[in-house]
Amino acid sequence: MIGHSIQRAEFSSPLVTRFNFGETARALEGAVIEGIRRRGKQIFFDLDLGILYVHLGMTGKLLWNVAAGKYARAILELDNGTLVYEDIRQFGRVEFFESLPEALQRAGPDALDVTFAEFHSRLKNHRGQIKPLLLNQTFVSGVGNIYADELLFAARIHPLTRASRISKRRAELLHTKLIEVLQLAIEHRGSSISDYVDGAGERGSFQQMHNVYGRGGKPCPRCGALIRKIAVAQRGTHYCPRCQRA
DNA sequence: ATCTATTCCTGGCTGC
DNA sequence: TGCAGCCAGGAATAGA
């Protein structure tokens with residue numbers, strides 16, 4: 001898409017585009033895509049006129065040259081193909097900005113790039129529980145509910161552990177697993193539990209490798225104890241009570 | 001600073 | 001077969 005221009009834009013969801021969808025569509029016509037970036041779950045299309053921001057939320061999909069379905073909320077016709085944004089629940093965003101709003105710049109370092117020194121210094125400063133902290137995108141950008149559970153399992157940390165009380169040694173393991181688990185998930189094209197597909201419309205397979213997420217009541221693959229499911233910060237949280245001690 | 005609950009949506013599943 | 005209730009990959013927001 002880089003170097004190509006948007007011929008026509010069509011938006012049909014005021015929620016996804018934050019109510020200004022007529023303006024958004026007009027603003028994009030004729031724009032040239034100069035680059036595409038990502039930080040955590042935030043996707044940025046750098047245009048000559050501004051920035052197109054995309055966040056998939058819970059059920060968003062970005063499709064390149066795949067026929068638009070019932071839940072298409074935005075369609076961008078480029079001179080070399082068509083990008084469609086689909087989203088059943090409309091918690092995602094496709095927004096145009098001339099410059100990036102301050103709120104979006106508050107995101108923390110990308111989970112794949114954060115150094116241990118930075119990760120550790122941020123971790124030490126938080127007295128709250130580790131699971132909600134991992135979900136906080138201003139702490140580290142890019143960890144969602146599935147991967148928070150999976151990487152806490154990999155690092156053998158109980159989800160309710162106070163962040164500031166995690167030892168340096170254990171923090172090193174958590175930092176290593178943060179990158180390892182996400183890299184492995186990317187290699188397997190993500191977790192397709194119900195809706196998620198990649199740009200070509202293909203499902204990922206990492207859901208088959210989940211150790212704890214979605215496995216409440218089933219045996220831990222490491223020790224056989226039954227995986228427990230609790231609510232933490234109103235999010236379903238799965239862990240092994242034997243491998244991840246409080 | 002941190003916590004909790006609520007809200008925005010639609011659809012799938014379960015149990016009656 | 002219908003229907004109520006609950007749950008779901010996110011995250012902003014209000015109030016304590």
Side-chain angles (χ1 to χ4, degrees), chain A residues 11-19 21 38-43 53-63 69-74 85-95 100-108 110-111 121-153 159-166 178 181-182 184-186 188-199 202-217 229-238:
Chain A
F11 292 86
S12 51
S13 167
L15 293 169
V16 163
T17 51
R18 303 266 84 184
F19 308 105
F21 63 113
R38 178 193 67 76
R39 179 164 61 171
K41 306 173 206 174
Q42 301 174 320
I43 302 164
Y53 164 68
V54 177
H55 192 301
L56 303 184
M58 291 273 224
T59 53
K61 311 172 184 180
L62 269 181
L63 302 169
K70 184 177 167 187
Y71 300 100
R73 311 293 185 184
Y85 179 75
E86 291 187 358
D87 193 348
I88 292 176
R89 294 176 70 182
Q90 303 177 92
F91 289 165
R93 295 286 178 265
V94 180
E95 294 183 81
L100 214 56
E102 205 268 325
L104 291 183
Q105 297 182 43
R106 265 180 241 148
D110 188 274
S121 76
R122 284 165 168 266
L123 196 69
K124 279 189 303 192
N125 290 328
H126 286 270
R127 242 163 298 174
Q129 297 161 341
I130 186 64
K131 164 92 193 247
L133 184 61
L134 287 170
L135 295 178
N136 180 347
Q137 303 299 299
T138 63
F139 170 63
V140 158
S141 202
V143 178
N145 202 38
I146 294 175
Y147 301 107
D149 283 3
E150 290 299 321
L151 74 94
L152 285 173
F153 173 78
L160 299 180
T161 307
R162 299 276 155 187
S164 57
R165 293 178 54 202
I166 292 172
L178 168 71
V181 169
L182 290 176
L184 189 63
I186 290 166
H188 290 268
R189 315 295 296 162
S191 301
S192 294
I193 291 166
S194 58
D195 301 282
Y196 175 73
V197 291
D198 67 13
E202 302 286 341
R203 288 170 63 83
S205 63
F206 193 67
Q207 68 280 2
Q208 294 165 17
M209 297 170 72
H210 290 170
N211 288 309
V212 288
Y213 184 85
R215 300 194 62 251
K229 185 184 178 193
I230 59 172
V232 179
Q234 290 78 240
R235 307 300 303 279
T237 298
H238 315 72

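Naming: A, B, ... by sequence-line order, numbering from 1 per chain.
As judged by a 4.0 angstrom heavy-atom cut-off over every strand, A:Leu15 is placed among residues touching the sugar-phosphate backbone only. Within 4.0 Å of A:Ser194, counting heavy atoms only, lies at least one base atom of the nucleic acid. Among the atoms of the strands shown, none is found under 4.0 Å from any heavy atom of A:Lys61.
Among residues two or more places apart in sequence or in another chain, the side chain to side chain contact (heavy atoms under 4.5 Å, CB included) test is passed with A:Ser13 by A:Leu15, A:Val16, A:Arg73, A:Gln90. Remark: A:Arg189 engages A:Asp198 in a salt bridge (Lys or Arg N to Asp or Glu O under 4.0 Å) (not counting sequence neighbours). For A:Arg203, the side chain to side chain contact (heavy atoms under 4.5 Å, CB included) test picks out A:Ser192, A:Val197, A:Gln207, with sequence neighbours left out. The side chain to side chain contact (heavy atoms under 4.5 Å, CB included) test applied to A:Ile146 returns A:Glu150, A:Ser191, A:Ile193, A:His210, A:Tyr213, not counting sequence neighbours. For A:Arg38, the salt bridge (Lys or Arg N to Asp or Glu O under 4.0 Å) criterion is met by A:Asp110, not counting sequence neighbours. Residues passing the side chain to side chain contact (heavy atoms under 4.5 Å, CB included) test with A:Leu104, sequence neighbours excluded: A:Gln42, A:Tyr53, A:Phe97, A:Leu100, A:Pro101.
At whole-Å resolution of the value, CZ in A:Phe91 and P in B:dT6 are 15 Å apart. Regarding A:Asp87, its CG atom lies at a distance of 16 Å from the P atom of B:dC8, rounded to whole Å. For A:Asp195 and B:dC13, the CG to P distance is 11 Å, given to the nearest whole Å.
Side chain of A:Thr59 to main chain of A:Arg89: a donor-acceptor pair is present (N/O by atom type, distance under 3.5 Å, no hydrogens or angles). Of the possible donor and acceptor atoms, one in the side chain of A:Asn125 sits under 3.5 Å from a partner among the backbone N and O of A:Ser121. Judged by distance alone, the side chain of A:Glu86 and the main-chain N or O of A:Leu62 form no donor-acceptor pair under 3.5 Å.
Among residue pairs with one or both ends in residues 132-148 of chain A, none qualify as salt bridge (Lys or Arg N to Asp or Glu O under 4.0 Å); sequence neighbours excluded. Residue pairs that meet the salt bridge (Lys or Arg N to Asp or Glu O under 4.0 Å) test with at least one member in residues 122-132 of chain A, sequence neighbours left out, are A:Glu118-A:Arg122, A:Lys131-A:Asp149.
Using a 90° window around 0 for the glycosidic torsion, C:dG9 falls inside it and is classed as syn.
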Tabulate protein N/O versus nucleotide N/O from nucleotides 1-4 of chain B, keeping only pairs under 3.5 Å, one per line.
{"unit_1": "B:dT2", "atom_1": "OP1", "unit_2": "A:Arg127", "atom_2": "N", "d": "3.0"}
{"unit_1": "B:dT2", "atom_1": "OP2", "unit_2": "A:His126", "atom_2": "ND1", "d": "3.1"}
{"unit_1": "B:dC3", "atom_1": "OP1", "unit_2": "A:Arg162", "atom_2": "NH1", "d": "3.0"}

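In this pair, A:Phe139 and A:His126 present their aromatic rings perpendicular. The plane angle is above 60°, beyond the 30 to 60° band.
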Fill in the blank from the handout: Annotated structure of DNA chain B as dot-bracket, pair cut-off 3.5 Å, Watson-Crick or G-U only, | for inter-strand, is .|||||||.|||||||
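Shown here for A:Arg93 and A:Tyr85, the closest heavy-atom pair between the two residues is N-OH, 4.0 Å.
When DNA chain C is scanned 5' to 3' for any atom under 4.0 Å from a heavy atom of chain A, the first and last hits are C:dC7 to C:dA11.
Contacts with DNA chain C (heavy atom under 4.0 Å) in residues 140-151 of chain A: A:Gly144, A:Asn145, A:Ile146, listed by number.
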